[in-house]
> 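The structure's right below; bear with me while I get my questions together.
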2 protein chains.
Amino acid sequence: MPSLSLRINLDPEGRIGPGKIELLEQIAAFGSISAAARNMDMSYKRAWDLVEEMNRLFGKPVVAAQTGGRKGGGAQLTAVGLAIVSRFRAIERAAESAAQQHMTALQAEIAAAQI
Amino acid sequence: MPSLSLRINLDPEGRIGPGKIELLEQIAAFGSISAAARNMDMSYKRAWDLVEEMNRLFGKPVVAAQTGGRKGGGAQLTAVGLAIVSRFRAIERAAESAAQQHMTALQAEIAAAQI
DNA sequence: CACGGTTATATTCATTCGGATATATCGACT
DNA sequence: AGTCGATATATCCGAATGAATATAACCGTG
């Protein structure tokens with residue numbers, strides 16, 4: 001069954017979608033960029049690049065990282081980061097429920113034409 | 001100002017978003033794949049590849065093309081194609097209006113953190 | 001002070017993607 | 001029959017993308 005997938009366009013060439021949002025959630029959950037990357041089966045480099053891109057994109061950092069320390073360091077979401085995640089999920093839920101009837105109608109129209 | 005951008009996930013690895021939908025609209029408007037491609041500043045190959053992908057994706061063709069003839073041929077949307085376009089736009093509108101307040105709230109939260 | 005685990009960053013390589021190009025086919029019209 | 005403009009399709013090449021690898025820096029703790 002078809003499902004919605006939505007992203008937000010910012011600035012001229014900056015967008016944020018399900019992938020980056022999930023990465024932020026994983027970072028929040030594990031307290032570390034590398035742990036999040038491992039858990040998402042993604043290279044640390046890629047995860048770090050995405051975080052960097054988001055930090056640049058929003059003007060303010062969405063992830064605050066510390067180097068060194070007993071556990072080598074870590075990373076948490078900033079207030080902006082937390083706000084972005086929760087707002088994005090809220091937007092997703094709202095859009096999904098608003099589009100639901102159109103989605104099932106579309107599905108029916110495609111299935112009908114299959115005959 | 002940020003704006004929404006949404007796509008529909010079908011099957012395992014098939015998605016349709018604003019780009020393909022706009023291409024379909026242009027084909028409907030011009031009655032030709034190549035005219036649509038020119039108007040969208042896209043190579044004919046790319047446009048044709050996208051159309052082919054969509055035809056395969058939906059099981060039934062979304063574009064019906066004729067070769068030859070006084071004007072060389074042409075292409076129109078099938079019933080499925082038309083339904084997809086109009087449903088997609090409807091879903092877009094519904095999602096946009098449902099998400100609007102969350103969007104402005106998000107914008108405000110980001111702007112506030114900029115200080 | 002060395003260790004460990006993480007952040008931070010550069011470099012190289014393979015793969016994918018799209019653009020460019022070329023060519024064949026088709027059929028109404030002159 | 002020949003022209004024209006569009007579809008249909010293959011091939012080649014450069015650019016962009018992401019994976020892999022390597023390495024430096026950082027700092028609490030033993």
> Classify the nucleic acid contact of B/Glu52 as base, sugar-phosphate or nothing, counting any heavy atom under 4.0 Å across all strands shown.
nothing
> Does OP1 or OP2 of C/dG5 have a side-chain N or O of A/Ser32 closer than 4.0 Å?
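No, outside the criterion.
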> Need to verify one output field. Residue with the more 5' nearest nucleotide on DNA chain D, B/Ile33 or A/Arg70?
B/Ile33
> Using modelled atom types and a 3.5 Å cut-off, is there a donor and acceptor pairing between side-chain atoms of B/Asn9 and backbone atoms of A/Pro2?
no
> Is it the case that atom CD in B/Gln100 sees more than 12 heavy atoms from other parts of the structure closer than 6.0 Å?
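No.
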> Taking all non-hydrogen atoms of both residues into account, name the closest pair between B/Met40 and B/Gly19 and its distance.
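Result for this residue pair: CE-O, 4.3 Å.
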> Taking atom CD as the centre, does A/Gln76 end up with more than 12 heavy-atom neighbours from other residues, nucleotides or ligands that are less than 6.0 angstrom away?
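Buried by this count: over 12 neighbours within 6.0 Å.
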> Atom CD of B/Gln66 and atom C1' of C/dT25: how far apart are they, to the nearest Å?
15 Å
> Looking at B/Ser34, I'd like to know whether one of its side-chain N or O atoms comes within less than 4.0 Å of OP1 or OP2 on D/dG5.
no
> Starting at CZ of B/Phe30 and ending at C1' of D/dT7, how long is that distance when rounded to a whole Å?
18 Å
> Starting at NZ of A/Lys71 and ending at C1' of D/dG30, how long is that distance when rounded to a whole Å?
17 Å
> Counting only heavy atoms and a strict 4.0 angstrom limit, can you tell me which residues of residues 39-50 of chain B come near DNA chain D?
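Heavy-atom contacts with DNA chain D come from B/Tyr44, B/Lys45, B/Trp48.
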> Identify the heavy atoms of A/Gln26 and A/Ala36 that sit nearest to each other, and give their distance.
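Taking A/Gln26 first and A/Ala36 second, the nearest heavy atoms are CB-CB, 3.6 Å.
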> Check whether any side-chain N or O of A/Thr78 sits under 3.5 Å from a backbone N or O of A/Pro61 as a donor-acceptor pair, and report yes or no.
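Pair found, side chain donor or acceptor close to backbone of A/Pro61.
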